[in-house]
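Each remark here refers to the structure printed beneath this line.
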Amino acid sequence: MSVLDVRDLQTHFFTDAGVVKAVDKVSFSLGEGEVLGLVGESGSGKSVTGFSILRLVDAPGRVVGGQINFRGEDLAHLSDRGMRALRGNRIAMIFQDPMMTLNPVLRIETQMVEAVRAHDRVSHAAARDRAVQALAKVGIPSPEERLAAYPHQFSGGMRQRVAIAIALLNGPDLIVADEPTTALDVTIQSQILAEVQELARETGTALIWITHDLAVVAGLADKISVMYAGRIVESGPTDAVLAGPAHPYTQGLLGSIPGHGRRGERLTQIPGMAPNMARLPVGCAFAPRCTRATDACGAEAPSITDIGPGRALRCYHPTLPAEGVA
Amino acid sequence: MLVFLLRRLTQSVFVLIAMMVVVFFGVFMIGNPVDILISPDAPPAEIEATMARFGFDQPVHIQFLKFVGNALQGDLGRSFVHGESAVSLILSYMPATLELAMLGLIFSVAIGVPLGVYAGYKADRWQGRAIMTGSIFGFSLPNFWVGMLLILIFAVELQWLPSTGRGEAVEVLGLRLSIFTADGFQHMILPALTLALYKASLVTRLARAGTQEALMQDYVKFARAKGLSETRILMVHVLKNIMIPIITVLGLELGSMIAFAVVTETVFAWPGMGKLLIDSILTLDRPVIVAYLMMTVVIFIVINLIVDVVYTLLDPRVRVKGSAA
Ligand SMILES: Nc1ncnc2c1ncn2[C@@H]1O[C@H](COP(=O)(O)OP(=O)(O)OP(=O)(O)O)[C@@H](O)[C@H]1O
Ligand code: SF4
Ligand SMILES: [Mg+2]
């Protein structure tokens, strides 16, 4: 059975400038221990997708449609109390900015122990033990002493490790990791990446790894979903998508990664700007930036089509199979 | 920390000196003290003798230097009316004011913080709006009017609480206090509430603004992602963050509560420093007025210092920076 099965998820923001369809009919599913890379430019709706799963979308946003089945239970119909029992327990989340996620005036110990005791009726000492183990697991030196510290006494990388340790505390089935390494420098980024990958594999935790960088998920994810303007435009097994990207946007993302493509070739940037989410075009949202666009693209948005085992696409003129797609 | 304290103390000395100048010359302008010491109809020789005895015949700057010299030795003159040293006279009235201000402070926190946090949590709902509208009344109703209204309701109509005096007082650590006797405490409730109303409104607004801001922070969202209850988030995560500014402001307000309890003390015939000041102004008891003003400045300075220290203890970020400096 799949751990998480998201069907036609729709999350809208009701702003003064109009309704922003930040997440528009997004679907994906994850099996036990599977890693999904959710990739897209800034503003494409990745974080909102993550928050929607935990039902933590702030006003003026609201989940307006679709299903979020977690172990066969639709989270949309779960009571607030039931949802709270899942959060941080069965489903954990790691946020984008490690400098902001920990409460500045509470000790690490408080913030970890409360996360354990919100779900388990254990003594403070037992919860503390679990916190020490989790900190050790994510590579915090002398975790016993560090528990007494405040967040500002940690570097950014260390804070993100603490946040990861908190996510691991209750041995969740699913972790939503929202660009947890973007704010960190490159070496720490790859360290944390490797560690999380190992931890997830070890414990069989399913992982949604959100990033705007295809290179990050290349070595980490089992499958990839590429998001553009609130929609998933291409998805499939990581190897297949990287080897033969069918959607012009995915190709654009790949072209902007150093080391990918032929040597000596210039890095290509996707021309144009990210779309205004409050005023999306009628047809394919990528059309204004797409080199392959035709009149058909501007008239009506392309629907999802299957293009091979586990692969799906939203595009009228994908790269032909002869050019690399199975 | 030590450097910081020394700097603050130096600043305080300058404030004190400036205050001495202002107070001395300000009070010097009003009325002729000799008039209350001796009948204006007395023979000129007697008047002159009195003037000489109190040093009023000297030029102003000499009088001032003498005033400063005495002040440095803790002597701010003798009350013309009571014949007692002005400082010890005020000190004997001080415990009544201090305990009233403390209780007022406790009331304002006990009322203002829960209301404010709740109003911030329900900012867009009618509950939040109702609390905010209520706080406007707290700000704008004059003190004496609130006091009289409370007396009318709780003392005259319902007859639940007494409205004048201190009630029974007991000696605690050498201070005569009412707060530790049931009767005395009952006497304190109405004046303390009157004194607290304005501060409670202030605290409500501070707490609401702080709560609204804190609720937008990532750490609150992360706390929710951990599965914490809303109660725990409000009572621990939000409250701990908003208490820092609230305590700072309240600490500073405590000074003004002590110094300007004048109106409330008058309405409730509460025998504190404020009432003493009013009486002294009416009788032109210059040394008491001067001493009152000087001691008020000292109280402000001491309280500010305490607030600074408490602030550093409360905020772990400041604490570390301070110890490094
Ligand atoms: N509070 C809000 N009010 C209105 N619109 C919002 C709000 N939060 C998000 N949105 C809309 O949702 C869209 C998606 O936001 P989201 O944070 O999910 O982007 P993202 O893919 O995570 O980008 P990034 O890489 O910058 O984190 C934004 O483009 C914005 O239009
Ligand atoms: S549908 Fe048309 S515009 Fe959209 S990505 Fe495909 S080719 Fe480009
Ligand atoms: Mg994001």
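The basis for the numbers below is simple: all heavy atoms, side chains too, and nothing from hydrogens, waters or symmetry mates. In the text below, chain A, chain B and the rest are named by the order of the sequence lines, each starting its count at 1.
- The nearest pair of heavy atoms linking B/D218 to A/M100 is CB-O, 3.4 Å.
- For residues 108-119 of chain A, a heavy-atom distance under 4.5 Å to chain B picks out A/T110, A/Q111, A/E114, A/A115, A/A118, A/H119, given by residue number.
- Counting only heavy atoms from C-beta outward, the side chains of A/D58 and B/K221 approach each other to under 4.5 Å.
- Annotation: the span from B/H237 atom NE2 to A/L102 atom CG amounts to 10.0 Å, rounded to 0.5 Å.
- Within 6.0 Å of CE on B/M102 lie no more than 12 heavy atoms contributed by other residues, nucleotides or ligands.
- Enclosure of atom CD in B/E230 by more than 12 non-hydrogen atoms of other residues, nucleotides or ligands within 6.0 angstrom is indicated.
- For a residue to count as touching a neighbouring chain, one of its non-hydrogen atoms must lie under 4.5 Å from one of that chain's; by this rule A/A167 does not touch chain B.
- Closest heavy-atom contact between B/G227 and A/R84: O-CG, 3.2 Å.
- Within a 6.0 Å radius of CZ in A/F13, more than 12 heavy atoms belonging to other residues, nucleotides or ligands are found.
- Options B/M216, B/Q217, B/R232 differ in how many heavy-atom pairs under 4.5 Å they form with chain A, and the most are formed by B/R232.
- Proximity to chain B (any heavy atom under 4.5 Å) is shown, for A/L56, by both the backbone and the side chain.
- Taking the side chain as every heavy atom from C-beta outward, A/L106 and B/Y219 never approach each other to under 4.5 Å.
- A/F95 and B/F222 make their closest contact through CE2-N, 3.5 Å (heavy atoms, listed as atom of the first residue, atom of the second, distance).
- Within a 6.0 Å radius of CZ in B/F137, no more than 12 heavy atoms belonging to other residues, nucleotides or ligands are found.
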